[in-house]
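Take a look at the structure below.
Sequence lines set the chain letters: A, B, ... in the order given, protein chains first and strands last, and positions in each chain run from 1.
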2 protein chains.
Amino acid sequence: MARQVNQSISKGLAAARPLELYQRIKRDLEGRILSGEWPPGYRIPNELELMAQYRCARMTVNKVLSGLAAAGLIERRRRAGTFVSRQHSDSAVLRIPNLHDEVIGRGASYSYKLISRAVRSPRLDDPGEAEFAQGQDLLELGSLHFAGERPFTYERRLISLATVPEAAEVDFGDVSGGTWLMDHVPWSEATHRIGALNATPQIARLLKIAVGEAVLAVERQTWRLREAVTQVWQYFPADLYHLSARFTPSQTSIVEEAEVRHAAAPAPK
Amino acid sequence: MARQVNQSISKGLAAARPLELYQRIKRDLEGRILSGEWPPGYRIPNELELMAQYRCARMTVNKVLSGLAAAGLIERRRRAGTFVSRQHSDSAVLRIPNLHDEVIGRGASYSYKLISRAVRSPRLDDPGEAEFAQGQDLLELGSLHFAGERPFTYERRLISLATVPEAAEVDFGDVSGGTWLMDHVPWSEATHRIGALNATPQIARLLKIAVGEAVLAVERQTWRLREAVTQVWQYFPADLYHLSARFTPSQTSIVEEAEVRHAAAPAPK
DNA sequence: CACAGCCTTATGACTAGGCATAATTGTCGG
DNA sequence: CCGACAATTATGCCTAGTCATAAGGCTGTG
């Protein structure tokens with residue numbers, strides 16, 4: 001029966017780090033998933049292989065994997081194996097609404113129209129944009145999303161070609177930036193800013209509403225590890241859209257969903 | 001890259017699996033913490049005691065506790081024991097913005113004014129309200145929150161006296177409903193709905209803005225375990241307020257914060 | 001009496017191995 | 001030839017028990 005060799009090893013190597021073994025393993029696996037090395041749907045090594053790889057006991061690996069599964073990053077099925085979740089970009093952390101699915105789910109027909117597409121250098125007068133671009137070029141997209149005949153989102157998006165150079169090869173005429181990114185780039189962090197504004201003439205024209213109508217504005221930025229991936233501004237007519245979010249402490253069911261309203265905006269009571 | 005793809009994952013969230021043992025234990029412990037049975041700072045039974053209580057192995061308990069510690073609900077210290085975290089009501093789960101702190105944090109002076117306070121029975125013509133009240137009376141509050149001289153929120157709130165009967169004794173002239181509830185009722189679940197609307201005459205008058213100005217509307221409902229606690233509608237002038245949220249998969253830093261804007265609303269670029 | 005350092009021991013982290021489960025494969029009957 | 005059912009076995013889940021760690025007490029010295 002082998003003695004516990006590993007503890008003394010880890011102590012010698014990582015004396016400065018009080019991090020527990022299973023936390024280091026967890027970090028490592030998270031990194032592989034979020035970096036894209038293990039893409040969504042990938043079957044990760046089983047407990048026995050990981051055990052050998054990290055020179056630890058099976059139960060330690062199991063603890064890590066159970067934790068990641070509870071977090072929604074992976075899914076485990078007996079006999080089948082452990083797979084990187086496809087939805088870790090939505091269910092695990094925050095469900096970034098996929099406009100296509102939202103509209104279809106409400107029974108309306110969805111269509112998408114690309115308005116503009118340009119590769120350009122970041123504006124020097126915009127420090128936020130400069131930091132986002134990291135000295136590389138940006139891809140800027142403007143698009144409209146329709147539910148039935150009505151436009152329900154105008155979207156302006158920046159994609160960092162420093163982080164996602166392959167986006168430069170995509171034409172985005174048929175697939176929206178959000179959909180393409182969700183399928184190709186796992187993200188690890190996101191910030192949202194949600195506000196309201198009165199429709200400017202430009203927005204009113206694009207959304208086919210009156211100037212001054214209330215518009216819900218969502219600004220979102222996502223990162224993969226520490227690299228900025230995309231930044232997007234979305235504008236919704238107030239009577240067509242609202243965001244909803246549900247939070248529970250188990251942290252497994254944090255979900256944000258977007259709904260397309262069919263009735264008029266509910267008046268305050 | 002030779003990627004092994006699993007097809008059945010994309011079918012959506014797991015459909016009510018039989019729930020493993022350690023997940024049941026985890027739920028149970030969460031319940032005790034969130035219900036207030038184990039208040040913040042409480043030292044929970046050690047692994048040996050829990051092992052006996054749940055008739056399982058030590059490692060199973062350890063897995064649960066490690067998970068809860070990673071989620072931030074508890075804190076573990078060798079030799080000292082395991083304690084319920086003091087901050088689980090804000091940082092661990094979701095920080096429900098406390099308007100008072102938000103305003104003060106921005107350097108503006110905060111004031112609060114109660115407009116109306118009434119105990120009443122639920123409206124029979126509102127099924128949502130009936131379900132919320134559970135046959136008991138409701139406490140309805142209307143209030144304004146000011147940043148400096150300007151009103152920046154009009155808030156209408158319902159409190160379920162079935163769940164929080166002691167709220168009937170509070171007069172809410174000095175302390176807002178949200179503040180009082182945060183200090184007295186731990187919550188375990190919350191839903192948000194966020195939208196935009198043009199100011200109605202009533203809202204415009206209260207917020208001292210023009211009729212038709214864009215307003216950010218937040219509807220929030222919270223539960224303690226399965227019992228509804230409160231339901232609130234908040235209306236913010238669009239130029240004064242937006243919500244922001246930051247998400248990461250490590251699950252430790254899920255935070256939502258509200259900011260008071262000082263500049264005008266950023267125009268779309 | 002106060003403080004520092006050693007010692008005890010409660011406590012959490014880990015190892016080792018067996019059990020239960022369900023996806024796959026094989027087999028039989030229509 | 002195809003579908004339903006059973007056997008197989010890879011895989012995740014759980015139990016049992018050992019080891020390292022650090023909080024708090026104890027002892028000895030200034």
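Note: CD (B/Glu75) to C1' (C/dG12) measures 15 Å, nearest angstrom. Distance, B/Tyr54 OH to D/dC14 C1': 17 Å, rounded to whole Å. Rounded to whole angstrom, the span from the CZ atom of A/Arg55 across to the P atom of C/dA13 amounts to 24 Å. In this structure, B/Met51 places its CE atom 13 Å from C1' of D/dC14, rounding to the nearest Å. Separating the NZ atom of A/Lys63 from the P atom of D/dC14 is a distance of 14 Å, rounded to the nearest angstrom. We find that CD of A/Gln23 is positioned 8 Å from P of C/dA13, with the value rounded to whole Å.
At a threshold of 4.0 Å, the pair B/Asp28-B/Arg24 does not count as salt-bridged, since none of the basic side-chain nitrogens sits closer than that to a carboxylate oxygen. Taking the charged nitrogens against the carboxylate oxygens, A/Glu30 and A/Arg27 have no contact shorter than 4.0 Å, which rules out a salt bridge. Between A/Arg220 and A/Glu155 there is no salt bridge, since no side-chain N of the basic residue sits under 4.0 Å from a carboxylate O of the acidic one.
Not a single donor-acceptor pair under 3.5 Å links the side chain of B/Ser160 to the backbone N or O of B/Thr230.
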Got a list of protein N/O to nucleotides 10-12 of chain D N/O distances below 3.5 Å?
residue: D/dA10; atom: O4'; partner: A/Arg79; partner atom: NH1; Å: 2.4
residue: D/dT11; atom: OP1; partner: A/Arg43; partner atom: NH2; Å: 2.0
residue: D/dT11; atom: OP2; partner: A/Asn46; partner atom: ND2; Å: 3.2
residue: D/dG12; atom: OP1; partner: A/Thr82; partner atom: N; Å: 3.4
residue: D/dG12; atom: OP1; partner: A/Thr82; partner atom: OG1; Å: 2.7
residue: D/dG12; atom: OP2; partner: A/Glu47; partner atom: N; Å: 3.4
residue: D/dG12; atom: O5'; partner: A/Arg76; partner atom: NH2; Å: 3.4
residue: D/dG12; atom: N7; partner: A/Arg58; partner atom: NH2; Å: 2.6

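Phosphate contact (OP1/OP2 of D/dC13, side-chain N/O of B/Thr60, threshold under 4.0 Å): absent.
Ring pair A/Tyr110/A/His145 is tilted by interplanar angle, where 30° to 60° counts as tilted.
Residue pairs satisfying the ring pair (Phe, Tyr, Trp, His ring centres under 6.0 Å) criterion with at least one member in residues 58-78 of chain B, sequence neighbours excluded, are absent.
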